[in-house]
Each structure stands twice: as C-alpha cells, then as structure tokens.
Amino acid sequence: MPYNNMNYTNSTDATASKNESQHLSYRPFLLVLLLAFGARALAAIYNVGFVAIDDYVYMLKLAFPAQQAPSFAKVIESSWVHPTLPMLALTQLARLPLWLGITDGLRQIQFVYLIIGVWSLFSVFFVYRIFTELGRIREGLIAATLVGLHFLMPFVSTRVLFESLSMPLLTASLYFFIRFQTTTERKYLFYSVAVIALSSLVRFQNGVCYFAFVLLMFNRQVSRGDRWFFMAASGIVFIASGLMDLLIERTFHQSILDYIRYNLAHSSEYGTSKWWNYLLLCTGLTLPPFLVRTWSHFAWWRNYTQLKPAIWFFLFFFISHSLIPHKEDRFMIPIFPIFLLLLAPLIHQLIQEKKLLRLYIFAAFNLFLMILASSFTSQWNTIGTARFLNDHKNYKQLLVFNQSLLFSPTAYMDNPELSVEFVDEHSTLPTPNCDLIYAVREDHLQNFHALNLEVQEKAVSHPGPLEWVIVQLNPKRNGRRAAIHLFTPAGCNS
C-alpha cells in the first residue's frame with residue numbers, strides 16, 4: 001500500500017489546511033528568521049568562547065589563525081578518529097576572512113562563527129517547512145521560533161562543534177522523509193537517505209537515525225516498490241559515502257570503523273554517567289515548570305500522527321546515546337531542533353487554551369537565559385590570556401605551569417613567533433629573560449611561588465561572570481575555569 005493511502009495525508013481537512021497555508025504570507029516566518037539571525041550574530045560577536053576541548057583542539061586550533069592553517073594532508077593526519085570532512089571544510093572556510101584582510105585569530109573566529117550561525121538557520125527553515133508540509137503553519141511558526149530563539153540555540157548554533165555543524169543536515173533529512181510521505185515522490189526518499197549519510201560524515205553518531213527510516217520503511221503499509229527503492233538508495237549512498245575515505249588514501253569506510261573500534265575499547269576511559277543524564281537535559285530544555293501540566297485532554301498522537309518520523313528520529317538518537325557510558329551534554333545538540341519541533345504542538349495547545357501568562361513567563365525567562373548564554377564568553381580565562389599575548393608580541397616564550405592551560409591558546413591570537421612549553425615544579429626552567437612569560441592558574445599559585453623564582457605579575461585573565469560563579473560553587477571540579485595569572489622575570493618592564 002503506498003504512503004498516500006495511509007493516515008498521513010489523505011484527510012480532506014489536512015489537504016484543505018495545507019492549501020490554505022500555502023497562500024499565507026511568509027512574513028511572520030521571515031521575522032522569526034531575522035530574529036534568529038540577530039541572536040546568532042550576538043552570540044558570534046560577544047561570546048567568542050568554545051564548548052569543549054575537542055572543538056578547540058581538533059577545530060579551532062587547527063584552523064586559526066588561518067595564515068598558519070595546515071595543509072590538506074596535515075588536516076587528514078590530525079583527524080585521528082574524528083570526521084575529516086568538517087575539519088577540511090573549516091580550514092578552508094577560515095581562509096575567507098583572511099582573504100578579506102582579517103589577520104587577527106579572534107576576528108577570524110568571530111567571522112566564521114557568524115557564517116556557521118547562518119548555516120544553522122537551515123534548521124529553523126526545515127522545522128517550519130515540516131509543519132507547513134503538513135498544513136499546520138501556526139505550529140510551524142512556533143517550531144521555528146523555538147529552534148531560532150530557544151536560549152541555548154544561538155550559542156550552540158555558532159560553535160565549530162561537530163555536533164553543531166551536523167544539526168541542519170539531520171533536520172533536513174527528517175524534512176525530506178516527511179516530504180516523501182506527503183507526496184510519495186521517491187526522489188525525496190533518496191534525498192533523506194543521502195542527507196543523513198552526509199550528516200553522519202560530519203558526526204558519525206548521527207547515523208543511528210537511519211534506523212528510524214528502516215523501521216518506518218519496513219512497516220507493512222509501505223509498498224514493496226518503495227522498500228526496494230529505499231534499499232537501492234541506501235546501497236548507493238553507502239558506497240558513495242565510503243568513497244570519502246578512498247579519496248583521502250584510506251580504506252573503504254575506514255574512518256567510521258576506526259571510530260567504532262576506538263570507542264568500544266576506550267569510551268569508558270573518558271568517564272561514565274548515569275543513563276538518565278540526557279533525560280534531565282531534555283527536561284531542562286523545556287524550562288520547567290512552564291510546560292509541566294496534565295495533558296489528558298490533548299490527543300497529541302491522533303492530531304499529529306504525521307510526526308511519527310520525528311518521534312522515531314528522536315527516540316533512536318536519545319536511547320542510543322543514553323546507552324553509551326560516556327555522556328556529554330553537547331552530544332545531544334544534533335537532535336535539539338527535532339526535540340524542540342516536538343514541543344511545538346504543546347505550546348500551540350497552550351495558546352489554544354489561552355494559557356498566555358504561563359507562556360509569557362516562559363518567553364521572558366528564556367530571553368533572559370539567551371542573553372546570558374550569548375553574551376558571556378565561555379573559557380574566557382584562556383582566551384583572555386591569548387589576547388594579552390596577542391597585544392604584547394614582545395613575549396616569545398610562554399611557559400604554562402602545571403597544566404594551568406589545558407592547551408596552547410594560539411587560535412585566538414596572531415603571534416606566530418610565540419612558542420608554548422608546558423612545565424612543572426620538576427622541569428628545568430630556561431634562563432630568565434624578558435622574552436618569556438609564565439601562565440599560572442589560581443589554584444597552582446602556591447606551588448609556583450614555592451619555586452622562589454624572582455618574578456612579577458603582569459596581568460590576570462579572569463573567568464567570565466558566569467564561569468566565576470561556577471568556580472566558586474565547585475572549585476575542585478571547575479579549577480580549569482579559574483583565573484590565569486601571568487608573570488615575567490623581575491625587572492622586565494615591557
């Protein structure tokens with residue numbers, strides 16, 4: 001039985017509603033899109049930080065400043081078990097601000113963050129189109145507003161995380177599959193399989209959502225012809241995606257196989273978390289208690305049966321990630337737009353029931369959190385250190401004491417002559433001279449001063465206001481966010 005004989009679209013009311021929605025103005029959506037762009041521009045310009053060590057070491061440090069970016073071969077070598085495609089793309093994208101004459105690493109990063117923010121707007125577009133495809137333009141506007149202006153989205157949508165870069169592709173794949181269901185045109189089924197494969201090349205773990213397609217396509221209501229087409233499309237895309245590794249002189253699908261082998265052997269070494277961690281995260285994304293209520297009179301499943309693919313997408317992603325021992329909140333970023341899409345009917349129902357005060361408070365609290373997340377730079381202690389060294393190019397040697405910095409902060413400066421060395425109390429230190437400077441984190445000051453070096457403090461790079469609060473609440477677990485003190489040998493006045 002073909003899809004157009006199923007419950008998805010063959011309703012007269014749904015068809016009429018869809019035709020009506022096609023004639024409605026796009027102006028409200030364009031306003032949402034403009035506001036979403038503005039929020040991302042704010043985050044790109046004012047929050048120049050990064051989320052995790054991975055996005056710094058394997059992305060930012062590799063690509064910035066662009067005038068020091070490595071060759072293709074070096075990028076491929078540096079990718080290790082990470083996806084090579086986004087690393088290659090970023091190193092090339094970073095050359096655009098350089099071509100425009102921007103040589104400061106920080107300004108280059110802001111420029112690229114803004115471009116990535118524009119890329120993320122495709123997630124806003126596709127959640128809107130999913131609902132308009134189903135003839136539900138109001139829910140589409142709500143979903144677009146959530147994805148565009150949810151308090152975390154401007155920040156995470158502008159970072160160079162593998163998760164963030166893959167997010168629009170995962171959302172697009174869902175859209176094409178739903179478009180296939182509503183039109184029965186097989187080209188959209190092919191697009192959905194191809195785009196989810198592309199999403200997996202940007203972040204391997206996104207591939208689990210493909211099994212939602214398998215589940216839906218092997219439903220007994222799907223025609224045999226559609227199943228055969230799906231299997232053929234999957235085979236073609238599987239071969240094509242494997243060619244990526246062959247093009248960079250690896251074996252067929254070597255990248256994903258290396259990734260799987262490594263994680264099977266070493267995943268738990270990075271720390272383990274409870275299975276319910278992501279449940280708490282998703283609950284937090286709803287900003288409780290504003291959406292907490294009894295929904296006994298709301299027939300979600302009956303009214304929004306066309307969203308079954310979105311539900312299965314989310315469930316496959318959520319459950320598979322919850323079963324992995326090592327969990328980080330950022331791992332859920334690719335599914336954020338689809339999760340927020342699923343909240344849109346709930347908010348629409350509150351509007352229908354005129355529970356407006358609850359929604360006004362929700363919107364106000366969300367706006368407050370969005371301003372905080374978008375404007376206060378994360379990892380500012382490290383970035384501030386880099387900015388001091390960018391402005392004081394007379395220093396040629398940075399000695400990092402006791403891992404006070406977890407990595408070299410060179411991406412945020414244009415100081416190619418600076419060398420970075422990690423030392424501790426047992427290291428043989430170089431002869432004091434005015435070209436060198438020590439970086440010492442606040443929790444290592446006592447050990448540093450115990451060396452009885454003749455030094456003077458030149459500057460202190462404090463954490464941002466939010467991170468300062470985090471450090472005060474739990475200094476043992478958040479020591480890496482503490483202030484960085486910079487010392488030079490006594491008598492150096494530069």
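In what follows, residues are counted from 1 in the order of the sequence shown. Predicted model only: the values in this text are computed from it and were never measured. Excluded from the calculations below are hydrogen atoms, water molecules and symmetry mates; all remaining heavy atoms, backbone and side chain alike, are included.
No salt bridge links Arg159 with Asp55; every basic N to acidic carboxylate O contact stays at or beyond 4.0 Å.
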Report the C-alpha separation of Ser374 and Asn47 in whole Å, then their side-chain angles, then the decisive distance to 0.1 Å, and conclude whether the side chain to side chain donor-acceptor pair (under 3.5 Å) test is met.
-> CA-CA 6 Å; Ser374 300; Asn47 190 339; over 6 Å; no
Begin from the C-alpha positions of Gln108 and Leu93 and carry the test side-chain contact (heavy atoms from CB on, under 4.5 Å) through to its verdict.
-> CA-CA 10 Å; Gln108 292 175 355; Leu93 181 60; over 6 Å; no
Just do the side-chain contact (heavy atoms from CB on, under 4.5 Å) check on Phe131 and Leu307 with the steps written out, would you?
-> CA-CA 9 Å; Phe131 276 109; Leu307 291 180; 3.8 Å; yes
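Atom OG1 of Thr158 is separated from atom CD of Gln110 by 11.0 Å, given to the nearest 0.5 angstrom. Between the CD1 atom in Ile333 and the CZ atom in Arg203 there is a gap of 8.5 Å [rounded to 0.5 Å]. Of the inter-residue distances, the one linking Thr385 atom OG1 with Gln379 atom CD reads 11.5 Å to the nearest 0.5 angstrom. Here the OG-CG distance, from Ser120 to Leu165, works out to 10.0 Å after rounding to the nearest 0.5 Å.
With 3.5 Å as the limit, one finds no donor-acceptor pair spanning the side chains of Ser200 and Asn206. Side-chain contact check for Ser461 and Asn381: no donor-acceptor pair (N or O, by modelled atom type) lies under 3.5 Å. Residues Arg179 and Thr182 bring no donor and acceptor atom of their side chains to less than 3.5 Å of each other.
Atom CZ of Phe211 is surrounded by 12 or fewer heavy atoms from other residues, nucleotides or ligands within 6.0 Å. Taking a 6.0 Å sphere around OH of Tyr46, one finds it holds 12 or fewer heavy atoms contributed by other residues, nucleotides or ligands. Counted within 6.0 Å of CZ on Phe122, heavy atoms from surrounding residues, nucleotides or ligands total 12 or fewer; the atom is thus considered open. Heavy-atom neighbours of Trp275 CH2 from other residues, nucleotides or ligands within 6.0 Å: at or below the threshold of 12.
Tyr128 has its side chain within reach of Ile137: a pair of non-hydrogen atoms, C-beta onward, lies under 4.5 Å apart. Counting heavy atoms from C-beta outward, Val127 and Leu146 have side chains that stay 4.5 Å or more apart. Side-chain contact between His326 and Ser273 is absent, with no heavy atoms from C-beta onward closer than 4.5 Å. Proximity of Asp104 to Tyr412: side-chain heavy atoms (C-beta onward) are nowhere separated by under 4.5 Å. Side-chain atoms of Glu421 and Leu398, non-hydrogen and from C-beta on, never get closer than 4.5 Å to each other. Taking the side chain as every heavy atom from C-beta outward, Ile53 and Tyr58 never approach each other to under 4.5 Å. Counting heavy atoms from C-beta on, the side chains of Leu287 and Phe151 come closer than 4.5 Å.
Across Ser234, Ser173, Ser166, a single residue satisfies side chain to side chain contact (heavy atoms under 4.5 Å, CB included) together with Ile196, and that is Ser173.
Remark: aromatic rings of Phe422 and Phe407 are distant, center separation not under 6.0 Å. The distance between the ring centers of Phe64 and Tyr56 does not fall below 6.0 angstrom. Note: Tyr210 and Phe230 meet the aromatic proximity criterion, with ring centroids under 6.0 Å apart. Residues His150 and Phe336 place their aromatic rings such that the two centres sit no closer than 6.0 Å. Between Trp312 and Phe213, the distance from one ring center to the other does not fall under 6.0 angstrom. The six-membered or imidazole ring of Phe126 lies near that of Tyr175, with a centre-to-centre distance under 6.0 Å.
In this structure, Arg136 satisfies the cation-pi test against Tyr304, with its NZ or CZ atom closer than 6.0 Å to the six-membered ring centre and inside 45 degrees of the ring normal.
Taking the six-membered ring for Trp and thresholds of 30 and 60 degrees, Phe162 and His82 have nearly parallel ring planes, at less than 30 degrees apart.
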